[in-house]
Amino acid sequence: MDKQGLTTAIVHGDRVTGSEHGGVHQPIHTSVQYGFERVEDLIGVFQGTKKGGFNYARQGTPTTAALERKITGLEDGIGTVCFSTGMAAITATFLTLLRAGDHLISSRYVFGNTNSLLGTLRMFGVEVTTVDTCDVDNVKNAIRPNTRMVFVETIANPGTQIPDLQGIGDVCRERGLVYVVDNTITSAALFKPKAVGATLVINSLTKTIAGHGAALGGAVTDTGLFDWSAYPNIADDYRRSAPKEQGLLQIRKKGLRDMGASLSSEQAHSIAMGAETLALRVKQSSDNALALAQFLEGHQAVGKVFYPGLKSHPQYHIAQALFKSASWLLSFELRDAQRMVEVVNALKLPIKATGLADTRTLIIPVAPTIFFEAGPETRKAMGISDGMLRLSAGIEDIDDLIADFSQALQFAG
Ligand SMILES: *Cc1c(COP(=O)(O)O)cnc(C)c1O
């Protein structure tokens with residue numbers, strides 16, 4: 001059969017790979033222990049010679065494995081490891097693949113908590129350089145003999161900067177660097193980082209993939225493009241498997257074992273339910289974001305609007321070339337930042353809350369909340385002004401959203 005579309009593949013996924021009694025969903029497996037009739041099978045699961053077996057739920061369950069297959073399918077990868085949160089997935093990736101003395105190049109525009117994690121890595125002796133990845137030359141110039149990895153996000157939050165994703169992919173391939181792309185904002189519904197040569201794709205499942213704001217989860221997917229046999233930090237135990245599989249095997253074994261941030265079956269099931277409507281939700285929320293961005297850009301009380309679907313955006317052409325749409329994430333500034341509290345309080349539909357990619361529209365002032373701890377210098381370097389508002393567009397009917405913003409902006413002076 002030809003390769004199926006994203007939604008067809010995901011809604012039929014469990015039935016095709018098989019589930020008890022013909023259930024259309026994989027059941028929620030709650031067992032922590034998994035027992036075997038023959039001890040040889042128990043030994044085989046431990047040693048990896050018996051594929052697809054389970055021993056202890058910290059290392060995965062049939063329900064988390066079913067979700068992993070779906071994410072692997074979404075990203076055209078060769079395998080996925082799920083974690084309890086997106087941050088756990090990123091932490092496991094860094095801590096299992098980097099060592100003290102290694103060098104990591106990261107985009108300067110990353111999720112605030114990832115930025116905090118970069119500080120933690122430095123405390124453990126990993127050298128970290130943050131650069132403006134919108135220009136590939138900044139990445140090239142930062143490469144050192146001990147550089148192992150480059151980390152970027154597809155669309156930065158809240159500034160919506162887009163790295164030179166293709167250019168960085170080419171550099172990583174030439175230099176043998178692991179290229180990690182956080183696809184959380186776009187998701188596979190809009191973009192597959194494998195297309196630009198990503199080694200590993202991160203998704204916070206909490207966001208676009210689950211979409212309902214009712215479960216936390218994270219995932220790392222290996223695209224199969226990288227030959228891990230040349231990568232220095234793989235333990236001997238994992239060298240025995242195929243060169244393409246060694247990296248993810250180490251992330252799975254050591255990441256889940258050492259850090260223990262495992263996804264539960266209940267949460268995996270909840271995320272899998274949300275994922276069935278991924279493409280439908282992302283279409284609606286991205287259409288809403290574009291309409292809101294155009295409306296805000298044309299409004300006299302609004303200063304800058306940050307949305308890659310607008311021609312005024314510096315990476316508009318990259319978004320057009322690489323992404324199906326410019327996503328549900330946008331930010332904007334009021335001309336008079338002093339009116340911010342009044343305007344936000346006047347909004348009736350958007351929920352004043354942190355979080356992203358909910359079915360409901362969410363709004364938050366950036367500087368005094370999610371980037372408060374980062375301090376004024378980091379905010380300045382990341383292009384975050386005091387009056388910036390971040391909007392995560394939901395799937396509401398667009399007329400209702402525009403009407404609500406129209407009335408609230410009357411308070412903008
Ligand atoms: C939210 C987010 C994360 C972290 O995900 P959690 O599931 O909240 O831990 C990582 N990267 C990006 C881009 C995010 O938006």
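Atoms within each ligand, like the ligands themselves, are counted from 1 in listed order. Heavy-atom basis, side chains included; hydrogens, waters and symmetry copies ignored.
Classification of Arg148 and Glu127 as a salt-bridged pair fails, no side-chain N sitting under 4.0 Å from a carboxylate O. Salt bridge status for Asp14 with Arg69: absent, with no side-chain N to carboxylate O gap under 4.0 Å. Salt bridge annotation for Asp170-Arg173: present, with a cationic side-chain nitrogen under 4.0 angstrom from a carboxylate oxygen. Remark: Asp404 does not engage Lys348 in a salt bridge, criterion side-chain N to carboxylate O under 4.0 Å. In this structure, Asp102 does not pair ionically with Arg99, as no charged nitrogen and carboxylate oxygen lie closer than 4.0 Å.
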Could you check ligand 1 for N or O atoms lying under 3.5 Å from protein N or O atoms and list the pairs with distances?
from     : atom 1 : to     : atom 2 : distance (Å)
ligand 1 : 5 (O)  : Ser204 : OG     : 2.9
ligand 1 : 7 (O)  : Gly86  : N      : 2.8
ligand 1 : 7 (O)  : Ser204 : OG     : 2.8
ligand 1 : 7 (O)  : Thr206 : OG1    : 2.6
ligand 1 : 9 (O)  : Gly86  : N      : 3.1
ligand 1 : 9 (O)  : Met87  : N      : 2.9
ligand 1 : 11 (N) : Asp182 : OD2    : 2.7
ligand 1 : 15 (O) : Lys207 : NZ     : 2.8

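Just one residue in the list Asp182, Ile202, Thr186 forms a side-chain contact (heavy atoms from CB on, under 4.5 Å) with Glu153, and that residue is Asp182.
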